Amino acid sequence: MDGRDSPLARAAAEPLAAPEGAAAPAPATGGLLRFLTCGSVDDGKSTLIGRLLHDCRALLEDQLAALAADSRRHGTQGDDLDFALLVDGLAAEREQGITIDVAYRYFATPRRKFIVADTPGHEQYTRNMATGASTADLAILLVDARKGVVTQTRRHATIAHLLGIRHLVLAVNKMDLVGFGEPVFAAIVAEFRAFADRLGIGEVVAIPLSALAGDNVTAPSARMPWHAGPTLLAHLETVEVDWDRARARPFRMPVQWVNRPDQTFRGFAGLVASGVIRPGDEVRVLPSGRTTRVARIVTMEGDLAEAAAGQSVTLTLADEVEAGRGSVIAAASAPPQVADQFEATIVWMDDAPLHVGRGYWLKLATQTVTATVAHPKHVLNVNTLEHLAAKTLEMNAIGVAEVRTDRPIVFEPYADSRTLGGFILIDRLTNRTVGAGMLHFALRRSQNVHWQALEISREARAALKNQKPAVLWFTGLSGSGKSTIANLVEKRLHRMNRHTFLLDGDNVRHGLCRDLGFTEADRIENIRRVGEVARLMADAGLIVITAFISPFRAEREMVRRMLPEGEFLEIFVDTPLEVAEARDVKGLYAKARRGELRNFTGIDSPYEPPEAPELRIDTTRTSPEEAARLVVARLLGED
Amino acid sequence: MTASAAHLSQTRLPPRPLDHLDRLEAESIHILREVVAECERPVMLYSVGKDSAVMLHLARKAFFPAPPPFPLLHIASGWDFADVLAHRDRMAAAAGMELIVHHNAAAAAAGVNPFDTPTPVYTRLMLTEALVAALDAHGFDAAFGGARRDEEKARAKERIFSFRSASHAWDPKAQRPELWNLYNARKNPGESIRVFPLSNWTELDIWAYIAREGVPLVPLYFAAERPTVRRGNLLLVVDDDRFRFLPGETVEPRWVRFRTLGCYPLTGAVESRAATLAEVMAEMQAVRVSERAGRAVDHDEAASMERKKQEGYF
């Protein structure tokens, strides 16, 4: 961002920062402004909020009476009202004399309604500040005129900027204690502007005030006639928040819930994240990539002619498309990206540090997936903006790291969309929210693959073949009868005009997996490759039949997770070891028993039978023909 | 309802700019839907008051054309206003929702009542413990409540998704951070969630929304001539013949209305001539006393709400 064009830079010529449009009439849609106040412990933050509430008549008589009583008992202002007590709500906090949690306050003027997130300035509570900042349009940074810009100020400015707050107010408080002197104010503003420029912060409006005495809070100060800018309240009432920014972006609505009261109605409920939608508009449903048109925008008052960012609606679509919670309905002409590897900024919020490589739940909009975080590229020293090396992220650390998800998610960079770019990380054991992150971009290696694949979807390819893709995964001991049954299954399907392909364990070992042996690691790699090939073939619309011993549960589960739900059918060809060994069609058991074959499943390498296979075939009771019939019936029954 | 919904509205409503009530509404609907999508057995605590009325209205909008996919739960103390019970049954039927009424009959049979039992004990037994028992009995894992953050200081710091231990206790220091509009609804064994879709509404917002949407309210919110008794600072309405008078108390007809509804022997009315919504709102703009001032329940002691919440009160 170019600091020379920022209002603060302009204000440098005329040190009293006057916000753009301060003299302009209030916007027609005064609406709702959410802001956050931050400052360190004694900057007078609570006093400022108390003053705003008081002067805007948000305090009622009984609340004032309670405040007066509290002020006499706990207050620090003698007989005067101690506004700080008004916002330090929890008894535990009053005992400790500090604010321990984010609190929300409400007041309104004839022009606007305000929601204030009051966040503690205490150093250890970065997570609270990030929480408050995540929903705020504007941040007030409070500075004590006697102390100027301190570490906390820089920290708060950094976090506000990271969380995407576009409007900053530098409130230089306690001007009464520096004799209402303009040079003090100008020096603080200049120092802060230098820091803001390094961060790339655009707009900063600086206001000199005394929260305690009320100067420049809601009424202009007679004691600071040199301040030509607005009072704090006047600025809050008139600042042009980008209400229309989200509206001007392409349409996106994450699906929260599918509304299906009966067979005649199927609606997709969600909060519009950006853009505008009208009946008839072409939309793409991600991640499937199918396109269709919006049929209706349904509300209890009646159908809408359009819906825009910020509205909770229910859409019906012209075609039956696969969509559910986690899908994103987007403008067909400008859909968001789909990827599974990202770079992100992460704020860590838990006592237990980040475990690199461990799976966490990642929730982004309405999508919940498993994600792992790599070693941080760096952590940010929020005081100096230095990038420091780190092996992990501790409580309150802010770091940049790669994030991988176990399946592709629909996203946008956080700078473009808080909804599709902001995520939380949840510990899978404790269920605590341990981190919050902001996506920067998808790593190129993941980005290209998914995007190209979506142009003609797997569903489209399968539809051309008039079938539903599937992977019939036969697993069982050597000699259990996997290949025999698999062959019969393919013949049956072929006669029924189904497009199939059989991947046989022995055959791939002659080519695709020629370089692999039979150690545990090689067997895992063998199954991974076969799984990937099976997935590609399923993407091509085929019914894939595989016959591999595939002895380990984890690898079979890995392949299952590569495929959409319901497309992986695990078929356990259950033949007792002694029966398979007695058959010994290839003479392998005899060799293994003689010690000529190492790592032979069932002899000196384990077989982990499936716990919940889609189908189990007991070959001591079922003939191969009957088994093949059962498999085909199961497959087509799923259709 | 659904069949007609599928066919209605050939005409489409034209767009209009979103105001702050639209934004609050959209946020609340989003919260209601998140809970239904992520929890197994939600319930809506329905007190029949104006906040509950708005919450129920929002639920109907959130899931239209389906009825809200959870039941309503009313904790009846046995000393509810008769108008409240009638309104409750009417609204549940109109919404097409199951209504569960729970009453601590054992305590009532043991003689617990608002006249003899000290108010904190009465409240704990007939409201707090009754609520906890009802939630446990039905195995609800998430309960919607109509509390607002502007009501009270302890509430101002409570999350929208507020977790309760197996014993329904609230631990204000172990709250999960809530960023953007992402809610972590994952529960540990035995935990349940209280969800507050109206967290960001103020009393004035509630009234403005009721006026805009035509939300039906219990008539007690509007001034009428009612039989009243003055007791201390409270102006009580004699709702039925079980009311017990203290020596020297007499019934006087007065024009009164209520700002908040609880057990009738414990809920103070305010003198008012505001018999229409517009008149009530005009008084609201001028009034200088908070609505909880009319509740005996909250005057017990400082930090009373925080303590009650830790015990399981909404």
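All of these numbers come straight from a predicted model, not from anything done at the bench. Letters A, B, ... are given to chains in the order of the sequence lines, protein chains preceding strands, and every chain is numbered from 1.
Looking at A:Ile115, the atoms closer than 4.5 Å to chain B (heavy atoms on both sides) all sit in the side chain, from C-beta outward. If you measure heavy-atom distances from A:Ala309 to chain B, the contacts under 4.5 Å come from the backbone alone. Contacts between A:Arg325 and chain B at a heavy-atom distance below 4.5 Å involve the side chain alone, from C-beta outward. Using a 4.5 Å cut-off between heavy atoms, A:Ala295 contacts chain B through its backbone alone, with no side-chain atom that close. Looking at B:Ser28, neither its backbone nor its side chain comes within 4.5 Å of chain A, counting heavy atoms on both sides. With a threshold of 4.5 angstrom between heavy atoms, B:Leu204 does not approach chain A through any atom at all.
For the pair A:Phe265 and B:Pro65, the minimum side-chain heavy-atom distance is below 4.5 Å. Here the side chains of B:Arg33 and A:Leu271 are not in contact, with every heavy-atom distance at 4.5 Å or above. Side-chain contact between A:Glu301 and B:Lys61 is present, with heavy atoms from C-beta onward closer than 4.5 Å. Between A:Leu163 and B:Trp180, the closest side-chain pair of non-hydrogen atoms falls below 4.5 Å.
In terms of the side chain to side chain contact (heavy atoms under 4.5 Å, CB included) criterion, residue partners of B:Ala185 (sequence neighbours excluded) are, by chain and number, B:Glu38, B:Cys39, B:Phe161, B:Ile193.
To the nearest 0.5 Å, the span separating OH on A:Tyr104 from CD1 on B:Ile160 amounts to 7.5 Å. In this structure, CG in B:Asn200 is found 7.0 Å from NZ in A:Lys113, a value given to the nearest 0.5 Å. Here the CD1 atom belonging to A:Ile426 is positioned 7.5 Å from the CZ atom belonging to B:Arg176, to the nearest 0.5 angstrom. Considering CZ of B:Arg186 and CZ of A:Arg432, their distance stands at 16.0 Å, rounded to 0.5 Å. Taken to the nearest 0.5 Å, the CD atom of B:Glu203 stands 14.5 Å off from the OH atom of A:Tyr106. Distance check: A:Thr299 OG1 to B:Phe64 CZ gives 7.5 Å after rounding to the nearest 0.5 Å.
The choice from A:Asp350, A:Val313, A:Val272, A:Thr368 that makes the most heavy-atom pairs within less than 4.5 Å of chain B is A:Val313. Note on B:Asp205, B:Asp22, B:Val36: by heavy-atom pairs under 4.5 Å with chain A, the leading option is B:Asp205. Put simply, of B:Arg149, B:Glu191, B:Glu213, the one with the most heavy-atom pairs under 4.5 Å next to chain A is B:Arg149. Heavy-atom pairs under 4.5 Å with chain B were tallied for A:Pro279, A:Ala365, A:Ala307, A:Ala108; the largest tally goes to A:Pro279. Ranked by non-hydrogen atom pairs under 4.5 Å with chain A, the options B:Leu182, B:Asp19, B:Thr202, B:Ile29 are led by B:Leu182.
In this structure a side-chain-to-backbone donor-acceptor pair under 3.5 Å is present from A:Gln256 to B:His30.
For residues 265-279 of chain A, the set of pairs meeting the salt bridge (charged side-chain N to carboxylate O under 4.0 Å, His left out) definition, not counting sequence neighbours, comprises A:Arg278-A:Glu306.
Shortest non-hydrogen contact noted between B:His20 and A:Leu32 is CB-CB, 3.8 Å. Across all their heavy atoms, A:Pro261 and B:Ala66 have their closest contact at CB-CB, 3.8 Å.
Checked options A:Ile424, A:Val434, A:Asp427; the residue passing with B:Asn184 is A:Ile424 (criterion: side chain to side chain contact (heavy atoms under 4.5 Å, CB included)). Partner of B:Pro177 under the side chain to side chain contact (heavy atoms under 4.5 Å, CB included) criterion, out of A:Asn128, A:Thr433, A:Val347: A:Thr433 alone.
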(request) Dump the intermediate steps for side chain to side chain contact (heavy atoms under 4.5 Å, CB included) on A:Thr135 and B:Glu27, then the final yes or no. (result) CA-CA 12 Å; A:Thr135 52; B:Glu27 179 187 70; over 6 Å; no
